[in-house]
Number of protein chains: 2
Amino acid sequence: MARITIVEDDLLMREELMDILQKEGYEAVAMEDFQDIALQIATLVPDLVLLDINLPEQSGFEICKSLKSKGIGPILILTSRDKLQDELHGFHLGADDYLIKPCNRNRLLARIQNLLRRFKEQPKLVDGGSFSLDPNTFTLYKGSRSLLLSANEGRILLALVEHRPEIVSKSTLSELLWGTEQYIDENALQVNLTRLRKTLRQIDLENHIETIRGQGYRLRGR
Amino acid sequence: MARITIVEDDLLMREELMDILQKEGYEAVAMEDFQDIALQIATLVPDLVLLDINLPEQSGFEICKSLKSKGIGPILILTSRDKLQDELHGFHLGADDYLIKPCNRNRLLARIQNLLRRFKEQPKLVDGGSFSLDPNTFTLYKGSRSLLLSANEGRILLALVEHRPEIVSKSTLSELLWGTEQYIDENALQVNLTRLRKTLRQIDLENHIETIRGQGYRLRGR
DNA sequence: AGAAACACTTACAAATATTGAAAGGAAAAA
DNA sequence: TTTTTCCTTTCAATATTTGTAAGTGTTTCT
């Protein structure tokens with residue numbers, strides 16, 4: 001289950017939060033020492049941080065900023081009703097959601113669930129403008145549709161995406177596929193390109209590979 | 001390029017927004033008739049809605065709520081500084097970001113870009129707890145890693161995910177793979193299960209398929 | 001227009017991956 | 001221990017991917 005770090009100086013509130021989260025099955029950890037807190041949190045590698053704004057040592061905003069600069073996951077800010085302005089400020093500093101204290105149990109859990117879903121580690125896909133490509137499995141995504149490319153198709157398309165919007169020469173592609181720099185009349189490359197184009201058509205990516213006569217190929221558009 | 005709908009009653013402001021967006025290459029459309037506006041917007045199928053809060057006929061909040069209930073994409077709320085409270089309210093109603101008027105051109109464009117990126121249509125992956133599966137190509141994602149399953153592996157895992165955390169009987173799986181309801185001693189199923197488990201191990205998903213002796217298989221908890 | 005160079009397509013076989021059958025081993029229940 | 005259920009490995013059939021070959025289009029140049 002997900003790990004949640006609680007940053008809240010009010011003891012009562014803290015224990016209540018702990019209780020709610022643990023009963024829900026979360027692995028909740030409350031910070032007790034409020035010095036160098038961003039650093040401490042970073043070592044915990046939490047899936048989510050519950051962050052109170054009014055803290056003794058340091059402002060919650062400072063912490064928020066610092067956590068975000070470390071790439072630490074979603075931050076849910078807790079604050080009191082009379083600090084609404086501050087909350088907006090919190091959004092600017094990279095907090096991902098906020099909640100007004102005292103907060104309703106269900107609302108809290110709902111927000112947490114929502115954030116965890118949103119921040120679940122995303123697969124690394126490369127951006128081809130109007131599609132994305134998984135550079136590992138060569139799964140091609142367009143909108144909500146997906147399609148598998150063969151190894152050769154995938155490697156060619158990946159090269160084109162990575163060089164976009166530049167032209168990729170046939171010798172570069174030849175090198176990529178067979179390790180041989182020289183492009184004499186590698187008909188094989190041509191065949192593979194035809195196949196890739198045909199496959200792309202299946203997912204409504206017509207005319208996306210442009211031929212630059214004598215120079216190579218280039219991926220169209222944004 | 002992306003389509004943006006502008007909802008703003010102040011003519012000057014509207015034209016300025018149009019101008020900024022169009023110069024940036026967006027396909028901007030400004031609403032002129034403020035009646036039944038959510039309905040109108042829905043027919044435009046915009047990629048993003050720029051929504052002013054102070055409108056003549058209807059409150060921007062109503063519109064926001066209504067748009068969200070229709071599943072209309074990201075909403076960027078425009079408001080004046082003295083309406084900060086309202087902005088928070090806007091977040092509750094499902095707005096995705098807000099901006100204080102009068103707004104800086106670059107900030108506006110940055111926010112828009114950010115929202116468009118965030119809302120770019122996501123591939124449909126089913127959630128297996130500690131992994132996701134593309135039900136179409138049977139690409140398996142765990143964290144930022146990915147892996148291809150063979151057709152049989154994929155179909156079995158998909159069935160397990162879809163029934164999670166229930167038990168899936170061998171006859172169900174047999175039916176799924178070969179259309180034959182009866183599970184006599186389909187050794188083939190067993191073989192495919194072994195293969196699936198082996199493949200899952202490659203991506204650190206050990207012991208995720210639990211055997212319930214005499215009943216079938218089940219995917220282990222989240 | 002005709003020739004030459006370059007780009008594209010289709011059909012076929014060799015190489016590669018996936019699949020189910022067979023046979024036997026391992027673990028749990030009786 | 002015996003029986004039942006589940007698991008694993010090997011092997012041949014099948015399906016997919018790939019390069020070769022042979023030819024057709026298209027652009028450029030004279």
Side-chain angles (χ1 to χ4, degrees), chain A residues 136-140 147-160 167-180 182-202 205-220, chain B residues 136-140 147-160 167-180 182-202 205-220:
Chain A
N136 183 35
T137 62
F138 302 132
T139 309
L140 177 64
L147 181 73
L148 270 183
L149 302 180
S150 78
N152 278 352
E153 291 169 345
R155 289 194 288 165
I156 293 173
L157 185 58
L158 184 57
L160 291 173
I167 298 169
V168 181
S169 72
K170 293 199 180 192
S171 52
T172 302
L173 292 174
S174 187
E175 160 88 60
L176 178 82
L177 290 178
W178 304 285
T180 159
Q182 258 116 304
Y183 174 80
I184 324 279
D185 177 285
E186 293 284 12
N187 177 245
L189 175 57
Q190 191 52 69
V191 171
N192 278 290
L193 249 145
T194 296
R195 284 176 183 148
L196 172 55
R197 281 175 164 151
K198 191 169 157 192
T199 306
L200 290 181
R201 250 173 272 141
Q202 287 177 25
L205 290 170
E206 202 120 13
N207 288 72
H208 267 248
I209 298 173
E210 185 180 5
T211 306
I212 315 296
R213 202 183 169 81
Q215 297 191 64
Y217 301 92
R218 162 169 74 180
L219 212 58
R220 272 233 166 76
Chain B
N136 182 35
T137 61
F138 302 133
T139 309
L140 178 64
L147 182 71
L148 270 182
L149 302 180
S150 77
N152 278 351
E153 291 169 345
R155 288 194 288 167
I156 293 173
L157 184 58
L158 183 57
L160 292 172
I167 298 169
V168 180
S169 73
K170 293 199 180 190
S171 52
T172 301
L173 292 174
S174 187
E175 160 87 57
L176 177 82
L177 289 180
W178 304 285
T180 159
Q182 259 116 301
Y183 175 79
I184 325 282
D185 178 282
E186 294 284 13
N187 176 247
L189 175 58
Q190 191 53 69
V191 171
N192 279 288
L193 248 145
T194 296
R195 285 177 182 147
L196 172 55
R197 281 175 164 150
K198 191 169 158 191
T199 306
L200 291 181
R201 251 175 271 139
Q202 287 178 24
L205 291 169
E206 203 120 12
N207 288 77
H208 267 249
I209 297 175
E210 186 181 5
T211 306
I212 316 295
R213 206 182 167 80
Q215 297 190 64
Y217 301 92
R218 162 169 71 184
L219 212 58
R220 275 235 166 72

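Sequence lines set the chain letters: A, B, ... in the order given, protein chains first and strands last, and positions in each chain run from 1.
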Partner set under salt bridge (charged side-chain N to carboxylate O under 4.0 Å, His left out) for B:Arg155, not counting sequence neighbours |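 For B:Arg155 there are no salt bridge (charged side-chain N to carboxylate O under 4.0 Å, His left out) partners, ignoring immediate neighbours.
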
[Y] side chain reached by [X] side chain, heavy atoms, under 4.5 Å:
{"X": "A:Arg195", "Y": "A:Val191", "answer": "yes"}
{"X": "B:Arg220", "Y": "B:Asn207", "answer": "yes"}
{"X": "A:Tyr217", "Y": "A:Val168", "answer": "no"}
{"X": "A:Lys170", "Y": "A:Leu189", "answer": "yes"}
{"X": "B:Thr139", "Y": "A:Asn136", "answer": "no"}

Using a cut-off of strictly less than 4.0 Å, decide whether [X] has a side-chain nitrogen or oxygen near OP1 or OP2 of [N].
{"X": "B:Trp178", "N": "C:dG20", "result": "yes"}
{"X": "B:Lys170", "N": "D:dC6", "result": "yes"}
{"X": "B:Thr211", "N": "D:dT5", "result": "no"}
{"X": "A:Arg197", "N": "C:dC8", "result": "yes"}
{"X": "B:Tyr217", "N": "D:dC7", "result": "yes"}
{"X": "A:Thr194", "N": "C:dT9", "result": "yes"}

Atom-to-atom span, [atom1] of [X] to [atom2] of [N] - whole angstrom:
{"X": "A:Glu206", "N": "C:dC8", "atom1": "CD", "atom2": "P", "result": "14 Å"}
{"X": "A:Phe138", "N": "D:dT18", "atom1": "CZ", "atom2": "P", "result": "10 Å"}
{"X": "A:Ile212", "N": "D:dT26", "atom1": "CD1", "atom2": "P", "result": "18 Å"}
{"X": "A:Gln190", "N": "D:dG23", "atom1": "CD", "atom2": "P", "result": "18 Å"}
{"X": "B:Leu193", "N": "C:dT18", "atom1": "CG", "atom2": "P", "result": "17 Å"}
{"X": "B:Leu148", "N": "C:dT18", "atom1": "CG", "atom2": "C1'", "result": "13 Å"}
{"X": "B:Leu196", "N": "C:dT18", "atom1": "CG", "atom2": "C1'", "result": "14 Å"}
{"X": "B:Ile156", "N": "D:dC7", "atom1": "CD1", "atom2": "C1'", "result": "14 Å"}

Side chain of A:Asn187, base of C:dT9: donor and acceptor closer than 3.5 Å?
->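 A donor-acceptor contact between them is present.
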
Nucleotide of D:dC6, C:dT9, C:dG20 approaching B:Asn192 most closely (side-chain heavy atoms) |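 Among D:dC6, C:dT9, C:dG20, the one nearest the side chain of B:Asn192 is C:dG20.
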
Starting from the 5' end of DNA chain C, give me the residue, A:Gln215 or A:Val191, whose nearest nucleotide shows up first.
->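 Counting from the 5' end, the first nearest nucleotide belongs to A:Gln215.
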
5'-most contact on DNA chain C: A:Arg195 or A:Gly216, nearest heavy atom basis?
->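 Here A:Gly216 is the residue nearer the 5' end.
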
Candidate pair A:Glu210 and A:Leu219, rule side chain to side chain contact (heavy atoms under 4.5 Å, CB included), full reasoning = CA-CA 6 Å; A:Glu210 185 180 5; A:Leu219 212 58; over 6 Å; no

Quick one: which of B:Asn187, B:Leu173, B:Asn152 gives a side chain to side chain contact (heavy atoms under 4.5 Å, CB included) with B:Asn192?
->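 Filter result, single survivor: B:Asn152.
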
Distances under 3.5 Å only, N/O to N/O: pair up the protein atoms with those of nucleotides 25-30 of chain C.
none

Give the C-alpha distance, both sets of side-chain angles, the deciding distance and a yes or no for side chain to side chain contact (heavy atoms under 4.5 Å, CB included) between A:Leu200 and A:Leu140.
-> CA-CA 9 Å; A:Leu200 290 181; A:Leu140 177 64; 3.5 Å; yes

Atom pairs, N/O to N/O, protein against nucleotides 15-17 of chain D, distance under 3.5 Å?
none

Distance only, no hydrogens: is a donor on one side chain within 3.5 Å (strictly under) of an acceptor on the other, for A:Ser174 and A:Ser171?
->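 No.
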
